[in-house]
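Report on one structure; see the data block that follows.
In this text, all values refer to a predicted model and were calculated from it rather than measured experimentally. All residue numbers in this chain count up from 1 along the given sequence. Atoms within a ligand are numbered from 1 in the order they appear, just like the ligands themselves.
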Amino acid sequence: MILLDGKKTANDIKNEIAVKVANLVAGGGKKPHLAAILVGGDGASETYVNAKVKACNKVGFDSTLVRFNANVSEKKLLAEVKKINDNSDIDGLIVQLPLPAHIDELKVTEAINPIKDVDGFHPANIGRMVLNLPTYLPATPAGILELLDRYKIETSGKHCVVIGRSHIVGAPMSILMARNNNPGNCTVTLTHSRTKNLKEITKTADILIVALGKAEFVTADMVKDGVCIIDVGITRVKSDKTKSGWKLLGDVAFDEVSKKSSFITPVPGGVGPMTIAMLLKNTLVSTDKLLY
Ligand code: GUN
């Protein structure tokens, strides 16, 4: 079994990006600049956005964090998006999701100028992804492709099973693994909460990508020997074995499933760090207005 070390790979990518930024600046170019909008004080979102800002600083980007209270109006949020769209110093913009229920997430996503949409969530960019055109790929799926690529995992002709059909991970992942690309060229089965006989399907997976958000959902009896496991889940559960009283669990029962795996991502330290690295990569690309 080989551990897919997302922490190390993400650090390698960050170092590569830092060198590119230094060269860009040495050549008289401007630093890439990422703006992030955070609405409300949701703990997980706060942690993710802070990690994104910290990562920007580490590689030499400029960053701007705009915070709103949870009760901010949709109109005010849309006005801020427009202001950032029109600010030529800012290259990339993300609005951290989820947003409070009174705000229409799609409306906000559609308001972002697609050329600044470094999350790759705008319908125009999702369309470009489906058509295999140059675009920003959503960061978590892009991070998974990068791990498969850097660990030279063969995907062509393989059966890839994805569990979960979220707009951020499962749905784009299923499209990317089926595209005529490397990594890609898989036969893909996208499974979700209405899927019947899930275990019969997962047992035929060469590559199993799990993104449903249920701790230790995938057990050893659900996979075949030699499977490659990509675990996107991250759930905080109480533990009397850690100092903090908490531990993080993936969607896969790691101890038992890793024994049957050829490759597996740990949680934490697998897919998570890759997400931020790929957001940085998209932001670097966003300084080059010739993407499309
Ligand atoms: N919420 C969970 N993942 C993401 C992400 O990748 N981008 C944004 N903007 N919000 C998220």
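- A salt bridge does not link K203 with D221: every distance from a Lys NZ or Arg NE/NH1/NH2 to an Asp or Glu carboxylate oxygen is 4.0 Å or more.
- Heavy atoms of E105 found under 4.0 angstrom from ligand 1: none, in either backbone or side chain.
- For ligand 1 and V95, the ligand atoms under 4.0 Å from any heavy atom of the residue are 8 (C), 9 (N).
- For K83, the NZ atom is loosely surrounded, since the number of other residues' heavy atoms within 6.0 Å does not exceed 12.
- Nearest protein heavy-atom contact of atom 8 (C) of ligand 1 is D119 OD2, 3.4 Å.
- Rounding to the nearest 0.5 Å gives a distance of 7.0 Å between CD1 of I153 and CD1 of I207.
- The proximity of T140 to ligand 1, defined as any non-hydrogen pair under 4.0 Å, does not occur for either the backbone or the side chain.
- We find that R67 and E46 are joined by a salt bridge, their nearest charged nitrogen and carboxylate oxygen being less than 4.0 Å apart.
- Each of the atoms 5 (C), 6 (O), 7 (N), 8 (C), 9 (N) of ligand 1 lies under 4.0 Å from some heavy atom of F121.
- Closest to atom 11 (C) of ligand 1, if we only count protein heavy atoms, is Q96 NE2, 3.3 Å.
- Residue, atom and distance of the protein heavy atom nearest to atom 10 (N) of ligand 1 are L97 N, 3.0 Å.
- The CG atom of L38 sits 8.0 Å away from the CG atom of N50 when rounded to the nearest 0.5 Å.
- Residue K281 qualifies as open at atom NZ: its count of foreign heavy atoms under 6.0 Å is 12 or below.
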